[in-house]
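Below is one structure, written out as structure tokens; comments come after it.
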Amino acid sequence: MPELVLQLTRAAFLALLWLFVFAALRVVRSDLYAASGLRAAPGRRPSRGGGTSKPGRGGGRSSGPKALIVTAGALAGTRIALDGRPIMLGRADDSTLVLDDDYASTRHARISQSGDDWYVEDLGSTNGTYLDRAKVTGPTKVPPGTPIRIGKTVIELRT
């Protein structure tokens, strides 16, 4: 009888071990699919003004924001030059701005350019992204100087 109990205990332990492995693989798989979905078409949002560029304006981007500045939080004073590429914000090591903030998600938000305008988009974060005091629910135009808050971190686009 004790031999049977020992075998059943071993089988139960092995089953629990396999359940743990499958659960871990499921989490990794969901993270990979989320990351690949975000990278599929970064920053390719249609312009809200009709066209993607305004050729009759002469001077192009010269009047638009030139930098992203962290104004509050652990990274206050950090400056990132805007070169037209999307800026990823979050705790992930491959983010453009890595946030060491308990309220930031791994892939929290993206700031991208469309035409002459810049947009912030929450990427399904747990605690949300706020533009001024309004919660961001979709791609939202960011006027220069308007605070974007992610947890305790506040950033602004500046000219």
What verdict does the side-chain contact (heavy atoms from CB on, under 4.5 Å) test give for Thr146 and Leu157, after you've listed the backbone C-alpha separation in whole Å, the side-chain angles of each residue and the deciding distance to 0.1 Å? CA-CA 7 Å; Thr146 305; Leu157 296 177; over 6 Å; no

Where do Lys66 and Leu82 land on the side-chain contact (heavy atoms from CB on, under 4.5 Å) test, with the steps shown first? CA-CA 5 Å; Lys66 304 260 188 282; Leu82 300 176; 5.9 Å; no

Throw together a table of side-chain donor-acceptor distances under 3.5 angstrom for residues 123-131, partners on residues two or more places apart or in other chains.
from	atom 1	to	atom 2	distance (Å)
Ser125	OG	His108	NE2	3.3
Ser125	OG	Asp122	OD1	2.6
Ser125	OG	Asp122	OD2	3.2
Ser125	OG	Gly128	N	3.0
Asn127	ND2	Tyr103	O	3.1
Thr129	OG1	His108	NE2	3.2
Thr129	OG1	Asp122	OD1	2.6

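The closest side-chain heavy-atom distance from Ile69 to Ile155 is not below 4.5 Å. Within the 4.5 Å cutoff, no side-chain heavy atoms of Lys152 are placed close to those of Asp100. For the pair Lys141 and Asp117, the minimum side-chain heavy-atom distance is below 4.5 Å. The shortest side-chain heavy-atom distance between Ile148 and Val136 does not fall under the 4.5 Å cut-off.
With Asp132 contributing its side chain and Ala134 its backbone, the two residues share no donor-acceptor pair below 3.5 Å.
Every pair passing side-chain hydrogen bond (donor to acceptor under 3.5 Å, both in side chains) that includes a residue from residues 5-21 is listed here, sequence neighbours excluded: Glu3-Gln7. Within the structure, side-chain hydrogen bond (donor to acceptor under 3.5 Å, both in side chains) pairs that include any residue of residues 67-80 do not occur (at least two apart or interchain).
Cluster annotation: Val154 is not connected to Leu68 through the hydrophobic network of ILVMFWY side chains, with a link wherever side-chain heavy atoms come within less than 4.5 Å. Using a 4.5 Å cut-off between side-chain heavy atoms of Ile, Leu, Val, Met, Phe, Trp and Tyr, with links allowed through other members, Ile150 and Leu75 fall into the same hydrophobic cluster. Leu14 and Val21 fall within the same hydrophobic cluster, where Ile, Leu, Val, Met, Phe, Trp and Tyr residues are linked whenever their side-chain heavy atoms come under 4.5 Å apart, directly or through other members.
By the side-chain contact (heavy atoms from CB on, under 4.5 Å) test, Ala92 is found to be paired with Asp94, Ser95, Thr106, Arg107, residues two or more places apart in sequence or in another chain being considered. With sequence neighbours excluded, no residue forms a ring pair (Phe, Tyr, Trp, His ring centres under 6.0 Å) with Phe13. Partners of Arg158 according to the side chain to side chain donor-acceptor pair (under 3.5 Å) rule, which considers only residues two or more places apart in sequence or in another chain, are Glu156.
Pairing each heavy atom of Pro86 with each of Thr96, the nearest pair is O-OG1, 4.0 Å. Smallest separation of non-hydrogen atoms from Gln113 and Gly84: OE1-CA, 3.3 Å.
Expressed to the nearest 0.5 Å, how far OG of Ser112 lies from OH of Tyr119 amounts to 9.0 Å. Atom CG of Leu89 is separated from atom CG of Leu97 by 5.5 Å, given to the nearest 0.5 angstrom. Once rounded to the nearest 0.5 Å, the distance linking CG of Leu4 with CG of Leu6 reads 9.5 Å. The distance from the CD1 atom of Ile111 to the CH2 atom of Trp118 is 8.0 Å, given to the nearest 0.5 Å. A distance of 10.5 Å separates OG1 in Thr137 from CD in Glu121, rounded to the nearest 0.5 Å.
Using a 3.5 Å distance cut-off with no hydrogens or angles, the side chains of Asp101 and Thr153 do pair a donor with an acceptor.
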